[in-house]
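What you see below is based on every heavy atom in this structure, not just the backbone, and it leaves out hydrogens, waters and symmetry mates. So that the names make sense, note that chain A is the first sequence line, chain B the second, and so on, each numbered from 1.
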Protein chains: 2
Amino acid sequence: MVTGRATSRSTSAGAEEPIVFVVDDDASVRGALSNLFRSVDLRTEVFASAHEFLQRKLPNVPSCLILDIRLPRLSGLDFQAELAKAGIHIPIIFMTGHGDIPMTVRAMKAGAVDFLTKPFRDQDMLDAVTTAIERDRNRRDEARVLANLRAALDTLTARERQIMALVTAGLMNKQVAAEIGVAEITVKIHRGQIMRKMGAKSLPDLVRMAQLLGIGPQT
Amino acid sequence: MVTGRATSRSTSAGAEEPIVFVVDDDASVRGALSNLFRSVDLRTEVFASAHEFLQRKLPNVPSCLILDIRLPRLSGLDFQAELAKAGIHIPIIFMTGHGDIPMTVRAMKAGAVDFLTKPFRDQDMLDAVTTAIERDRNRRDEARVLANLRAALDTLTARERQIMALVTAGLMNKQVAAEIGVAEITVKIHRGQIMRKMGAKSLPDLVRMAQLLGIGPQT
DNA sequence: GGGAGGATCATACCAAGGTTTAGGTCCCAA
DNA sequence: TTGGGACCTAAACCTTGGTATGATCCTCCC
């Protein structure tokens, strides 16, 4: 399973090596995990507190966070909530020595990848990390696509966005024209501009973009 | 939150009243839950074992299942796995007197709505049921849409399905024709037939259908 | 054998999509 | 004031999309 470093993926440019972040106030735990991950060639960074971790500017590579439920000043669960509120969606793996079921439920409901009780088997942790990294990789891929689409959408004028919505909803040019009270030729011209700006190679292409952008009939 | 019976929804024909199923070998628990749900006008059915529950032909209404982790003969977790394997996707709420964290994690990973430790507050259970019913309602809505689409897709011939994939991918008729080695007019005729059979009112419509059906570029 | 359904194609015709060229107005910022 | 961008439109022109009619060929099945 955990075969080692995510050897440079042939696609997208380099620097795709995943990172595992560990936050635990117990130095021995940090050391143990650090060793474990290094043993499988996983880049690792450890922190003694949530605050310390937040200082670190998060890199743009697949990563995950291993968190002790019981942290000084801020509980792991609260920290998880903080991150979510801040729009940071790094997958989290919890560890606990004295956790209980309600904590576990809360963490899992909030999207935690796993919730391990100490002591845990190395392999369980590695499996969880593999899952977490993979999840983050997928999330990042989707986020990148969406960001590009949104950037393209931002170059559209209000009129173009309006017409894009109507066109992708399935209206004919003449219907769009009637709907917004302009001549059909005007719609055609806007439409061409939309295809260019959005980089859509076909109408189905544009429809899928609109879909991802949440435009028109959500379905 | 739990305001009572899901009074006839204006859409789809009646019989939409949700049902809560309870499986627990402890008669007093069954009685207590039964009373609790009746007090908020929720239709309830209780069973003493997983086997008993399976005898019951599941009705076509939003429902959820409340399961004790510790069941005679078959653990709640294993039963959850059984149901999943059998393609039964009813949302599950677990109860436990002596559960542990790994159990909780496994249940939640497998999609459980909640995992309550006995004794729990009535309100917690009611909240969980509300969430579960709502989740099932959404799932059913999506499933119904998808079933209709699949039924329509089934009426397509192999050729039509092939052309549908290419058309929704964004190819022009002439490109489709070249791709499959027929005349453009043939593609046009098939295409018209596809629109009719699928009940698509426009190309964007068809594209969205293809998307839901997992046809073409998944994106 | 004969009919039904599927696939193919031609011809003809019309509707819809799309670009180019060439304007026009309005408004905002340099 | 001037320039540019957004928006609007017309005319001309070409490409695609889509339907109708009619026909051939094949296979499967009664």
Exercise. Determine, stepwise, if the pair B:Asn138 / B:Glu142 fulfils side chain to side chain donor-acceptor pair (under 3.5 Å).
Key: CA-CA 6 Å; B:Asn138 292 337; B:Glu142 286 167 22; over 6 Å; no
Quiz item: Bend angle of the helix from C:dG1-D:dC30 to C:dA30-D:dT1 from five-pair axes at both ends, rounded to 10°?
Solution: 30°
Atom pairs, N/O to N/O, protein against nucleotides 27-30 of chain C, distance under 3.5 Å?
none

Quiz prompt | A:Arg208 vs A:Gln211, side chain to side chain donor-acceptor pair (under 3.5 Å): CA-CA, chis, key distance, verdict | solution = CA-CA 5 Å; A:Arg208 276 184 288 269; A:Gln211 197 85 140; over 6 Å; no
Quiz item: With distance as the sole test, does A:Arg140 use its side chain to make a donor-acceptor pair with the main-chain N or O of A:Val61 at under 3.5 Å?
Solution: yes
Quiz item: Rounding to a whole Å, what distance do you find between A:Met195:CE and C:dG17:P?
Solution: 12 Å
Exercise. Nearest whole angstrom, please: distance from the P of C:dG17 to the CG of A:Leu203.
Key: 9 Å
Self-check item: Parallel, tilted or perpendicular: ring planes of B:Phe79 versus B:Phe53, cut at 30 and 60 degrees
Solution: perpendicular
Under 3.5 Å, which protein N or O atoms sit close to an N or O of nucleotides 6-15 of chain C? Give each pair with its distance.
{"residue": "C:dA7", "atom": "OP1", "partner": "B:Thr157", "partner atom": "OG1", "Å": "3.0"}
{"residue": "C:dA7", "atom": "OP2", "partner": "B:Thr157", "partner atom": "OG1", "Å": "2.8"}
{"residue": "C:dT8", "atom": "OP1", "partner": "B:Arg159", "partner atom": "NE", "Å": "2.9"}
{"residue": "C:dT8", "atom": "OP1", "partner": "B:Arg159", "partner atom": "NH2", "Å": "2.4"}
{"residue": "C:dT8", "atom": "OP2", "partner": "B:Arg159", "partner atom": "NE", "Å": "3.3"}
{"residue": "C:dT8", "atom": "OP2", "partner": "B:His190", "partner atom": "NE2", "Å": "2.8"}
{"residue": "C:dC9", "atom": "OP2", "partner": "B:Ala183", "partner atom": "N", "Å": "2.5"}
{"residue": "C:dC9", "atom": "OP2", "partner": "B:Thr186", "partner atom": "OG1", "Å": "3.1"}

Practice problem: Start with the C-alpha gap between A:Arg30 and A:Asp68, add the side-chain angles, then the distance that decides, and say whether salt bridge (charged side-chain N to carboxylate O under 4.0 Å, His left out) holds. | Solution: CA-CA 10 Å; A:Arg30 294 200 297 275; A:Asp68 196 300; over 6 Å; no
Quiz item: Under a 4.0 Å N-O cut-off, is there an ion pair linking B:Arg70 with B:Asp25?
Solution: no
Quiz prompt | By side-chain contact (heavy atoms from CB on, under 4.5 Å) - contacts of A:Asp124 (at least two apart) | solution = A:Leu116, A:Arg121
Quiz item: What are the bounds, 5' to 3', of the part of DNA chain D that sits under 4.0 Å from heavy atoms of chain B?
Solution: D:dT16 to D:dA20
Self-check item: B:Leu153 and its side-chain contact (heavy atoms from CB on, under 4.5 Å) partner, picked from B:Leu213, B:Asn148, B:Ile194
Solution: B:Leu213
Self-check item: Closest contact, heavy atoms only, B:Arg135 versus B:Ala112
Solution: NH1-O, 4.2 Å
Self-check item: Side-chain N or O of A:Asn173 closer than 4.0 Å to phosphate OP1/OP2 of C:dG17
Solution: yes
Quiz item: Under 3.5 Å, is there a donor-acceptor pair between the side chain of A:Arg161 and the main chain of A:Leu156?
Solution: yes
Exercise. For side chain to side chain contact (heavy atoms under 4.5 Å, CB included), just list the numbers for B:His51 and B:Arg73, CA-CA rounded to whole Å, side-chain angles, deciding distance to a tenth of an Å, and then say yes or no.
Key: CA-CA 9 Å; B:His51 181 259; B:Arg73 316 184 56 84; over 6 Å; no
Practice problem: Measure the shortest side-chain to side-chain distance between A:Pro91 and A:Asp136 over non-hydrogen atoms and say whether it is less than 4.5 angstrom. | Solution: yes
Self-check item: Under the side-chain contact (heavy atoms from CB on, under 4.5 Å) test, residues paired with A:Gln175 that sit two or more places apart
Solution: A:Leu171, A:Met172
